[in-house]
**Student:** 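Sharing a structure below in structure tokens format, with a few things to ask.
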Amino acid sequence: MFVAGATGVIGRRLLPLLTSEGHEVIGLARSYGAAVEVELLGAVVAEADALDSSALSRVVKDAAPDAVVHLLTAIPARINPRRMSRDLAQTNRLRTEGTRNLLYAAEQAGVKRIISQGLACIYEPNTWVPATEVTPLWRDPPRQFAPVFAALRSLEERTRQADGLVLRLGQLYGHGTIYGRHGSFVRQVQAGKIPLIGSGDGTFSFTHVGDAA
């Protein structure tokens with residue numbers, strides 16, 4: 001199993017889980033610190049930058065995995081909703097260029113199974129009706145969310161073309177997320193800095209990082 005995004009909030013839980021199930025796990029690491037963490041989580045290190053296509057293709061080919069799990073993000077510790085397109089610019093690159101590079105590397109290595117992390121918040125907003133996989137996607141998202149939406153749509157389309165599976169997860173909560181006990185969103189709520197939007201009856205879907213893994 002080749003896991004890209006091995007040291008993210010899901011990856012940190014996924015690597016030990018896969019190892020405990022008897023899988024041989026290879027975790028992608030871009031930096032020395034990430035490589036150390038991958039080793040501590042019990043996986044083999046593959047060192048490359050996901051935005052470097054040739055380097056990524058080389059390590060995926062060397063790993064020769066049966067499956068690739070795409071969890072590539074670069075979510076900052078704090079996100080300003082008014083500057084979301086700026087704060088998530090690197091994540092958007094990973095969901096577009098990184099996805100292209102990773103799926104190309106997987107194709108060249110003969111990988112047959114692809115799983116990518118998506119988000120459920122790309123659905124068209126509705127009133128109290130649970131969304132399903134056939135619910136239309138958001139046609140006119142807010143300006144700051146539009147680049148995020150476009151990147152997620154690109155990720156989904158490329159994964160579909162590779163005959164892979166996209167898991168549309170809810171907003172992640174748990175340790176290491178903005179909704180965690182010490183996360184930035186919780187601190188903003190405690191400080192009274194989160195305004196109500198409209199009538200305050202909007203809803204989100206949430207997924208615990210352990211359940212996502």
Side-chain angles (χ1 to χ4, degrees), residues 4-5 7-11 50-51 69-103 114-162 164-180 182-209 211-212:
T7 58
V9 292
I10 298 177
L51 297 178
V69 181
H70 176 5
L71 306 173
L72 290 168
T73 59
I75 308 295
R78 181 171 181 173
I79 299 173
N80 183 344
R82 292 186 176 89
R83 300 289 185 269
M84 184 177 288
S85 61
R86 177 202 66 189
D87 292 349
L88 295 181
Q90 186 68 2
T91 291
N92 293 340
R93 283 193 69 194
L94 290 170
R95 286 174 173 159
T96 52
E97 297 174 46
T99 299
R100 180 192 63 207
N101 294 342
L102 184 60
L103 297 186
I114 307 289
I115 300 175
S116 296
Q117 173 191 351
L119 280 177
C121 62
I122 64 174
Y123 292 119
E124 184 75 29
N126 56 57
T127 305
W128 307 114
V129 180
T132 70
E133 286 81 358
V134 298
T135 298
L137 302 185
W138 210 344
R139 288 167 292 185
D140 187 25
R143 182 172 59 87
Q144 286 296 324
F145 186 65
V148 179
F149 175 85
L152 283 165
R153 193 162 192 168
S154 173
L155 177 149
E156 289 204 358
E157 180 62 19
R158 289 184 183 278
T159 302
R160 185 192 66 78
Q161 291 173 352
L165 173 70
V166 176
L167 298 180
R168 287 179 177 167
L169 304 175
Q171 300 292 321
L172 293 175
Y173 74 100
H175 181 71
T177 72
I178 65 171
Y179 299 107
H182 303 294
S184 63
F185 188 88
V186 173
R187 294 198 303 271
Q188 288 174 292
V189 170
Q190 291 170 336
K193 295 183 178 180
I194 297 296
L196 289 176
I197 305 299
S199 58
D201 60 356
T203 59
F204 268 1
S205 295
F206 287 90
T207 305
H208 191 275
V209 287
D211 293 328

**Student:** Classify the ring geometry of Phe145 against Trp138: parallel below 30°, tilted from 30° to 60°, perpendicular beyond 60°.
**Tutor:**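 Geometry flag for Trp138 against Phe145: tilted rings.
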**Student:** Quick check: does any side chain N or O of Glu124 sit under 3.5 Å from a backbone N or O of Arg139, one acting as donor and the other as acceptor?
**Tutor:**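 Checking the backbone N and O of Arg139 against the side chain of Glu124, a donor-acceptor pair under 3.5 Å is found.
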**Student:** Looking only at atom types and distance, does a side-chain atom of Arg187 sit under 3.5 Å from a main-chain N or O of His182, one as donor and one as acceptor?
**Tutor:**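 Checked: pair present.
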**Student:** Can you check whether Ala150's main-chain N or O pairs, donor with acceptor, with Ser154's side chain at less than 3.5 Å?
**Tutor:**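 Here the side-chain-to-backbone pair does not exist.
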**Student:** Mark yes or no for whether Thr207, through its side chain, and Gln171, through its backbone, hold a donor-acceptor pair below 3.5 Å.
**Tutor:**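 No, Thr207 side chain to Gln171 backbone: no donor-acceptor pair under 3.5 Å.
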**Student:** Could you check whether any side-chain N or O of Thr96 sits under 3.5 Å from a backbone N or O of Ala151, counting only pairs where one atom can act as donor and the other as acceptor?
**Tutor:**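 No.
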**Student:** Distance check, rounded to the nearest 0.5 Å: Gln188 atom CD versus Arg78 atom CZ?
**Tutor:**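 Reported value, rounded in 0.5 Å steps: 4.5 Å.
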**Student:** Taking the side chain as everything from C-beta on, heavy atoms only, tell me whether Leu94 gets closer than 4.5 Å to Leu51.
**Tutor:**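 Side chain of Leu94 against side chain of Leu51, heavy atoms only: contact under 4.5 Å found.
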**Student:** Would you indicate whether the side-chain heavy atoms of Ile75 and Val9 approach each other to under 4.5 Å?
**Tutor:**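 When only atoms from C-beta onward are counted, Ile75 and Val9 do not touch, as no gap falls below 4.5 Å.
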**Student:** Could you label the plane-to-plane angle of the Phe206 and Tyr179 rings as parallel, tilted or perpendicular, counting under 30° as parallel and over 60° as perpendicular?
**Tutor:**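 Rings of Phe206 and Tyr179: perpendicular, over 60°.
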**Student:** Answer yes or no: is there a donor N or O on one side and an acceptor on the other, between the side chain of Thr177 and the main chain of Gly174, under 3.5 Å?
**Tutor:**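 Yes: the side chain of Thr177 pairs with the backbone of Gly174.
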**Student:** Per the side-chain hydrogen bond (donor to acceptor under 3.5 Å, both in side chains) rule, which among His70, Glu157, Arg158, Glu156 passes with Thr99?
**Tutor:**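 For Thr99, the side-chain hydrogen bond (donor to acceptor under 3.5 Å, both in side chains) check succeeds only for His70.
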